[in-house]
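Step one of this worksheet: look at the structure below.
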Amino acid sequence: MQNVDLIIIIFYLAAILALGILSTRKTQMSSVNYFLAGRSLNWVVIGAALFASNISTIHLVGLAASGFEDGLVWGNFEWMASVVLILLGLIFAPFYFRSKISTLPEFLEKRYSSKSRSFLAFMAILGALFVHIGMSLYAGAIVFKSFFGIDVSISILIISVITATYTIFGGLKAVVITETVQAVVLIIGALVLTLFAINALPEIGIHSLSDFKDHIKPDQLSMIRSGENAGNSGLSWYSIFLGYPILGLWYWCSDQTIVQRVLAAKSEDDAQKGPIFAGFLKILPVFIMVLPGIIGYVLFKDKISTSNETLPVLINELLPVGIKGIFAAALLSALMSTIAAALNSCSTLVAVDIAKRLKPSLSDQKQVNIGKWVAVVVMILAMAWSTQGGRFNSIFEAINKIAAALAPPIATVFLFGVFSKRGTKEASLVTLILGFILGMTCFAVDFIPTLSGKPSIITTEWGIPFMMQAWWLFCICTGIYFIVSYLTPRPDKAQLTYTWDNPLQFITGKKFQGIQDVRFWAGLLLLSIIILYIIFQ
């Protein structure tokens with residue numbers, strides 16, 4: 001790393017810190033302004049913020065590592081996300097916006113009960129701590145060590161202090177404004193690296209696609225694989241199309257860290273179009289994040305000892321002075337946007353779903369102060385967890401294994417909450433509790449034996465990859481939900497105002513308004529994904 005690159009990185013960090021703090025200097029910090037940006041976000045900002053809060057350093061490091069190890073098959077997490085974002089925009093966003101909720105657990109209270117709200121708030125905080133912040137810190141520390149030779153623990157501390165500062169002082173508005181800038185920097189940085197990687201191929205005698213295929217692993221360019229060709233990833237076509245929707249329903253449709261941007265929309269139209277815009281952006285990572293990992297395998301497989309080193313090696317070997325600093329800034333963009341989003345969501349969950357309910361007379365200012373202290377505590381806990389990132393084969397795999405444990409019960413109660421008029425408050429609570437216990441048990445027996453060096457029980461002895469774990473846990477949770485529902489009294493009329501009258505109402509319920517209609521753009525996005533799958537099958 002040259003002085004020019006260091007100057008670029010330091011300037012970028014200072015600029016983002018200043019932007020985050022100054023963006024809210026004239027804003028009165030009421031709870032609505034701090035936690036929901038005054039409900040003022042348009043669809044462009046919502047879509048960019050959804051993309052930036054999702055694409056963390058985990059994605060940049062993890063998708064490159066997964067591309068190196070297994071190939072384009074990991075890109076299914078990106079294209080399938082586009083499909084689930086359609087569900088968020090068309091099915092869930094209208095209910096979220098009309099109910100004027102501040103948190104997703106609050107929606108569960110309106111649809112089910114206060115007990116379901118409390119338990120979901122607990123699960124959401126765990127998800128933010130373990131998935132969004134902890135693993136992001138570890139991914140960032142790997143990059144810092146590669147660039148600067150700084151110890152992982154010191155890197156984690158530096159990143160935490162910078163990101164927490166503007167998040168704690170500025171609230172959600174500071175987060176989404178910096179996320180919009182960071183989304184642009186992130187896409188440009190990833191695109192630049194991809195172009196440099198492609199440009200390096202002729203230097204080793206690769207001049208065509210057929211030449212390229214001769215130097216890669218079998219099926220490394222396939223998006224869809226059979227069970228026999230799934231390899232170590234376990235990502236067969238059926239595990240992707242059965243398992244990912246469960247992870248996606250939790251992550252994109254019912255996770256506070258992500259959906260908080262939709263809750264802050266200034267209109268229902270913005271709340272719906274924002275996720276669709278994010279869905280179009282999610283097409284890009286396959287080409288600018290996974291593909292470079294495959295090219296890294298062709299160019300530097302002898303220099304890369306573990307797959308998590310793929311991205312740092314690509315940067316150090318391919319990018320010239322100055323450009324390297326810009327890409328480092330893109331990595332920091334991805335890292336800080338995800339951590340900031342998760343910190344703000346944790347603050348919101350504790351202040352609104354716990355503190356305000358325990359003491360209804362709590363003032364706006366005290367809610368904001370509680371939120372700030374929560375961010376500090378969560379950051380400290382996430383720093384401790386982040387040191388466990390090296391226990392997994394790849395960072396991207398790590399976050400999805402954790403998600404596979406948390407997602408099924410949450411996906412169940414949200415999905416059937418808006419589609420089934422028979423779902424009861426008792427069914428919601430029992431499903432959340434039992435589903436959480438089952439998920440954590442699966443994660444524990446899959447993770448803890450790995451620490452001692454013994455084979456994992458689930459993935460090795462039982463032969464159940466984490467995506468299929470998510471599917472089977474969802475099936476169990478669905479059974480629990482409907483059994484309990486039919487054994488308990490029907491929900492009252494007020495609760496059913498948060499349920500669609502029929503399964504197709506979200507499509508047929510309004511008069512079509514042409515190119516301005518969100519359903520037009522949702523259909524175009526779905527068609528684009530189908531065409532891409534046909535091309536890359």
Side-chain angles (χ1 to χ4, degrees), residues 1 5 8-9 12-13 16 47-69 71-79 81-82 135-136 139-140 142-144 146-147 178-201 221 223 277-300 304 307-320 322-339 341 394-396 399 532 536:
M1 183 68 71
D5 297 310
I8 291 172
I9 293 169
Y12 178 79
L13 289 174
I16 285 294
L50 283 169
F51 180 78
S53 58
N54 164 244
I55 299 292
S56 69
T57 312
I58 290 174
H59 281 73
L60 286 166
V61 175
L63 285 177
S66 299
F68 178 92
E69 195 71 36
L72 287 184
V73 67
W74 286 90
N76 284 287
F77 285 83
E78 306 306 304
W79 290 354
S82 296
M135 289 295 104
S136 293
I142 289 175
V143 175
F144 260 63
S146 173
F147 282 147
T178 54
E179 280 178 342
T180 304
V181 175
Q182 288 164 334
V184 175
V185 175
L186 175 61
I187 292 171
I188 292 173
L191 180 60
V192 167
L193 180 64
T194 304
L195 293 175
F196 271 93
I198 293 172
N199 191 55
L201 290 174
L221 288 179
M223 288 288 291
F277 178 46
F280 280 104
L281 294 178
K282 287 292 285 180
I283 292 174
L284 299 176
V286 171
F287 303 108
I288 63 176
M289 296 177 193
V290 184
L291 181 60
I294 302 174
I295 298 175
Y297 175 82
V298 174
L299 295 173
F300 307 116
I304 298 173
S307 60
N308 283 334
E309 296 176 358
T310 304
L311 186 66
V313 170
L314 283 169
I315 294 168
N316 286 324
E317 294 289 338
L318 297 177
L319 297 185
I323 300 295
K324 192 179 293 186
I326 293 173
F327 194 85
L331 285 169
L332 292 172
S333 292
L335 175 66
M336 293 190 295
S337 60
T338 299
I339 295 174
S394 78
I395 302 167
F396 196 66
I399 62 169
L532 285 168
F536 287 93

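By convention here, the first residue in the shown sequence is residue 1. What you see is a predicted model; the values in this text were computed from it and never measured. When reading the values below, keep in mind they use all heavy atoms of this one structure, side chains included, and skip hydrogens, waters and symmetry mates.
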- [ ] Output the distance between atom CG (L291) and atom CG (L221), rounded to the nearest 0.5 Å.
- [x] 7.5 Å
TODO: Search all heavy atoms of A278 against all heavy atoms of G47 and return the closest pair with its distance.
DONE: CB-O, 3.5 Å
Open item on the list: Once rounded to the nearest 0.5 Å, what's the spacing between atom CG of L72 and atom OG of S66?
Closed with: 11.5 Å
Side chains of residues 184-200: which donor-acceptor pairs under 3.5 Å do they make with residues two or more places apart or in other chains?
{"residue": "T194", "atom": "OG1", "partner": "A190", "partner atom": "O", "Å": "2.8"}
{"residue": "T194", "atom": "OG1", "partner": "I288", "partner atom": "O", "Å": "3.3"}

- [ ] Indicate the atoms forming the closest heavy-atom contact of M223 with V286, along with that distance.
- [x] SD-CG1, 4.4 Å
Task: Of all pairs that satisfy side chain to side chain donor-acceptor pair (under 3.5 Å), the ones with a partner from residues 285-296, not counting sequence neighbours - done: none
Task: I304: side chain to side chain contact (heavy atoms under 4.5 Å, CB included) partners, not counting sequence neighbours - done: F68, F300, E309, T310, V313
TODO: Please report the closest heavy-atom contact between G279 and S82, naming both atoms and the distance.
DONE: O-OG, 2.7 Å
- [ ] Kindly give the heavy-atom pair with the smallest separation between P285 and L63, and that separation in Å.
- [x] CB-CD1, 4.3 Å
TODO: Could you note down all residue pairs passing salt bridge (charged side-chain N to carboxylate O under 4.0 Å, His left out) where residues 282-292 supplies at least one of them, sequence neighbours left out?
DONE: E78-K282
Task: Contacts of type ring pair (Phe, Tyr, Trp, His ring centres under 6.0 Å), residue F280, not counting sequence neighbours - done: none
Open item on the list: Can you tell me how far apart CD1 (I295) and CG (L201) are? Round to the nearest 0.5 Å.
Closed with: 5.0 Å
Open item on the list: Give me the atom names and distance for the closest heavy-atom approach of L311 to A64.
Closed with: CB-CB, 4.1 Å
Task: Pairwise salt bridge (charged side-chain N to carboxylate O under 4.0 Å, His left out) hits with a residue in residues 289-299, at least two apart - done: none
Task: Spacing of K324 atom NZ and N316 atom CG [to the nearest 0.5 Å] - done: 4.5 Å
